[in-house]
Structures are given as C-alpha cells and as structure tokens.
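All values below come from the heavy atoms of this structure, side chains included, with hydrogens, waters and symmetry mates left out. A, B, ... follow the sequence lines: proteins, then strands. Residue 1 opens every chain.
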2 protein chains.
Amino acid sequence: MQTVTLGGMTEDPTELLTLFTRVHKLLGAAADTAMSEHGVRVGQNLILSRLWERDGRTPGEIAAHWQVSTPTIVNTARRMEAAGLITREPDPDDARLVRLRLTDAGRAARVPVQAARRELAEHATATLTATERRHLRTALAKIIDRLSDEDGPDRRPTTTR
Amino acid sequence: MQTVTLGGMTEDPTELLTLFTRVHKLLGAAADTAMSEHGVRVGQNLILSRLWERDGRTPGEIAAHWQVSTPTIVNTARRMEAAGLITREPDPDDARLVRLRLTDAGRAARVPVQAARRELAEHATATLTATERRHLRTALAKIIDRLSDEDGPDRRPTTTR
DNA sequence: CGCTGATCGTTAGCATGCTAGTGAAATCCC
DNA sequence: GGGATTTCACTAGCATGCTAACGATCAGCG
C-alpha cells in the first residue's frame with residue numbers, strides 16, 4: 001500500500017504516467033518560454049545542439065541520434081530555415097543527403113539557450129535534496145534503458161541478439 | 001556504454017530536460033500502444049479517468065482539474081465521441097455547458113486500461129530500487145509544485161498575492 | 001426589462017511528435 | 001552496363017498540446 005489510499009479513487013493522482021505527463025507539460029512550457037526569448041523554440045534544440053557540436057549534419061543523422069523520426073527533424077528544420085537559424089543545402093557528393101548548417105543567428109543562440117536550459121533545470125529542482133536529484137537522474141536513465149530495449153525496433157543491428 | 005560519452009560535448013546527454021523529453025516520448029509511446037489495444041488513445045485518459053470517477057462532467061471542469069486548456073479537452077472529446085467512448089449533450093439547466101457521458105464502451109475500457117497503465121509503470125521502473133522509486137515519485141511531485149507556483153497564472157485567486 | 005459583463009464551448013491556426021507512402025538517388029549484383 | 005534493392009528526404013495526414021478570437025448564454029444590476 002505504498003501509494004493508493006483513497007476510497008473510491010479511480011485514478012491515483014500520484015500515478016507515474018500522470019506525474020510524467022504533468023512534469024513534461026510544465027517543463028516543456030517553461031523551456032519554450034525561456035528559449036523563445038532567444039529566438040529558439042523548444043523542439044529546435046534537437047537540431048541546434050547537434051549542429052553546435054558539429055555543423056553540417058543530415059536530418060537522418062540527427063533523427064538517429066535522438067531516436068526520433070526523420071519527418072520530425074525535416075519539418076523542424078524547415079521551420080528553422082524560415083526562422084533564419086539554419087540553411088539547407090544538398091550534399092555535393094550524395095544528392096540524396098541534405099546538409100543542415102548554422103547561420104550566424106543559429107550560432108549566436110548557443111550560449112544564451114544553453115544557459116537558459118541549465119538555469120531552468122536548476123530552478124525546477126531547487127527544492128530537491130542532493131540525494132533526490134542524484135536518484136532522479138539515475139531513475140530517468142534506468143527508465144530510458146528499460147524502455148529502449150524491447151521497444152526499440154532496430155537499435156544497433158548487432159549480429160547477435 | 002549507456003549513452004554518449006564524448007569529449008567536446010555541447011549537450012550533456014544527462015541534461016535534465018533532455019532526459020525528460022526522452023522518458024516522456026518512450027513512456028507516451030508505450031502507453032499509447034498498450035491502451036490502443038483497448039480502443040483508447042493515451043490522451044483520452046485525461047477525460048476517461050475523470051468520467052470514471054464521476055460521469056457527466058463538463059470540458060472546462062476536466063480541463064481545470066488537469067491544468068490543461070479547454071480546447072484540448074474539447075478536441076479530444078470530439079474524437080472520443082467519434083470513437084464511441086462518450087456522448088456530448090447540452091446541460092438542460094445551463095445551455096452553455098456540455099455534459100460528457102460515458103458510453104458502455106467507455107465504461108468497459110476502465111478495468112483493462114487502468115491495468116495496462118499500472119503494468120506499464122511497473123515494467124518501466126522494474127530495474128529501479130525501492131529507494132529510487134520512492135525518490136522518483138517525490139522528485140516529480142516537487143518539480144510539479146515548484147513549476148506550478150509562479151508559473152501558474154491564476155491558480156487560486158486568493159485575495160492577497 | 002434590458003444592457004453589460006462574465007462564463008463556457010467552439011473554431012482556427014500553430015508546434016511537436018508519429019506512421020505510411022512517394023520519389024529520387026546511390027549501391028548491389030548479376 | 002543495367003535492373004533490383006536500399007537509402008535518403010519529403011509529403012500527407014493524424015494525435016496531442018497550446019493561444020487567440022468568436023459566439024452564445026447566463027447573471028448582475030440599474
């Protein structure tokens with residue numbers, strides 16, 4: 001009986017999935033607000049952070065890194081091109097590929113955006129003890145590993161299984 | 001080799017926002033898959049769980065409970081009506097209100113859907129120690145409290161501020 | 001009684017994710 | 001060399017969230 005205690009409760013308010021939904025909504029909204037002040041929307045961080053690390057990546061490359069679908073990156077990249085954060089040029093050696101490159105604006109957003117995200121993370125966990133914060137990170141990583149395993153359709157086609 | 005481990009990382013893979021994004025995506029996808037087997041999509045749980053608790057609620061009532069916008073509930077309710085899970089009738093006493101009521105199918109989904117969500121939560125946290133699981137719940141609740149405070153525009157219009 | 005303002009649902013349009021299907025280009029392999 | 005396969009990006013269409021603007025209805029108050 002660790003959790004549910006009420007009489008006719010049908011939905012435990014501390015149900016894990018519910019908690020995650022709410023945290024994600026709050027964190028996502030806060031991140032979007034904070035990042036928007038620097039001309040970047042929250043979903044664009046998927047692409048920007050990879051291009052900051054190394055410029056000229058392809059949509060498929062970025063999608064694979066985050067385990068996200070290619071259309072997600074393609075559509076986000078189109079919005080970012082319209083917003084002047086990146087450019088999209090065909091690869092000269094392989095016409096199937098598209099190279100995403102940072103503009104000056106895209107490069108300039110790096111420091112403030114990363115700072116805003118870091119500050120938000122600190123702010124959100126300000127009331128957690130050091131132990132809780134450490135366990136939170138561990139728990140999240142464990143859940144990701146756990147769900148990435150059987151769920152992941154073809155992550156790392158290692159010969160053996 | 002849990003995840004990435006490079007030198008000039010610009011984006012810490014253990015960055016809190018990133019971890020939450022990934023957990024949310026994995027958990028949401030798994031929940032949607034599990035619930036879809038019973039004819040319910042993951043977002044519809046917002047409405048269903050409230051109607052299971054008490055039938056005949058209004059969209060605004062449900063939106064307020066979850067701190068979610070009214071259009072979110074309205075649009076989800078329209079899809080649920082099309083799917084045969086609920087009906088929508090105007091309130092006889094107040095023509096502005098819409099009463100959402102469960103159909104037999106909506107009522108029948110209760111047990112299997114709740115079981116599926118519970119099993120998923122257990123599965124996802126199976127590799128966590130009891131301590132980690134306890135701290136996870138605490139940490140999530142604390143983050144929700146923290147972000148709901150100043151962020152919440154008008155939660156509880158107490159006279160004083 | 002009737003005007004004004006508050007309340008409630010709806011519509012329109014956007015961002016972020018997804019799957020399925022298309023088409024072009026590169027690669028494999030006979 | 002040339003047809004079949006694989007690999008890309010892209011498009012179309014959906015679900016889930018949002019804000020802004022609209023319209024209808026109810027409640028207050030003169």
- Item | OP1 or OP2 of C:dC8 under 4.0 Å from side-chain N/O of B:T70 | no
- Message: Can you tell me if A:T58 touches the phosphate of D:dC8, counting only side-chain N or O atoms and a distance under 4.0 Å to OP1 or OP2?
- Response: no
- Item | Pair A:R88 + A:E81: basic N to acidic O under 4.0 Å | yes
- Query: Among the nucleotides C:dT10, D:dT19, D:dC10, which one has an atom lying closest to any side-chain atom of B:V74?
  - Reply: C:dT10
- Query: So does B:T72 get a side-chain nitrogen or oxygen closer than 4.0 Å to the phosphate oxygens (OP1/OP2) of D:dC18?
  - Reply: yes
- Message: I want to check one thing: is the phosphate of C:dT10, taken as OP1 and OP2, less than 4.0 Å away from some side-chain N or O of B:R88?
- Response: yes
- Query: Quick one: is A:R78 getting a side-chain N or O under 4.0 Å of the D:dA9 phosphate, OP1 or OP2?
  - Reply: no
- Is there a donor-acceptor contact under 3.5 Å linking the side chains of A:T33 and A:S36? no
- Item | Minimum-distance nucleotide (side-chain atoms of B:V42 versus D:dT16, D:dT19, D:dC10) | D:dT16
- Of the listed nucleotides D:dC10, D:dT19, C:dT16, the one nearest the side chain of A:P71: D:dC10
- Minimum-distance nucleotide (side-chain atoms of A:R41 versus D:dT25, C:dT16, D:dA15): C:dT16
- Task: Identify which nucleotide among D:dC26, D:dT7, C:dT11 has an atom closest to any side-chain atom of A:R96, counting heavy atoms from C-beta outward.
- Result: D:dT7
- Electrostatic pair B:R54-B:E61, nearest N-O below 4.0 angstrom: yes
- Is it true that B:D55 and B:R101 make a salt bridge, defined as a side-chain N closer than 4.0 Å to a carboxylate O? no
- Nucleotide nearest A:L97 (side chain, heavy atoms from C-beta), chosen from D:dA9, C:dG9, D:dG17: D:dA9
- Message: Please classify the nucleic acid contact of B:L46 as base, sugar-phosphate, or nothing, using heavy-atom distances under 4.0 Å.
- Response: sugar-phosphate
- Message: I'd like to know if A:K142 pairs up with A:D145 as an ion pair, taking the criterion as any Lys NZ or Arg NE/NH1/NH2 lying under 4.0 Å from an Asp or Glu carboxylate oxygen.
- Response: no
- Rounded to the nearest angstrom, tell me the gap between atom CG in A:D32 and atom P in D:dT16. 20 Å
- Between D:dC26, C:dA25, C:dT11, spot the one nearest the side chain of A:A95, thanks. C:dA25
- Query: Distance check: side-chain N/O of A:K25 vs OP1/OP2 of D:dT16, anything under 4.0 Å?
  - Reply: no
- From the list C:dC18, C:dT11, D:dT16, which nucleotide is the closest neighbour of the side chain of A:V68? C:dC18
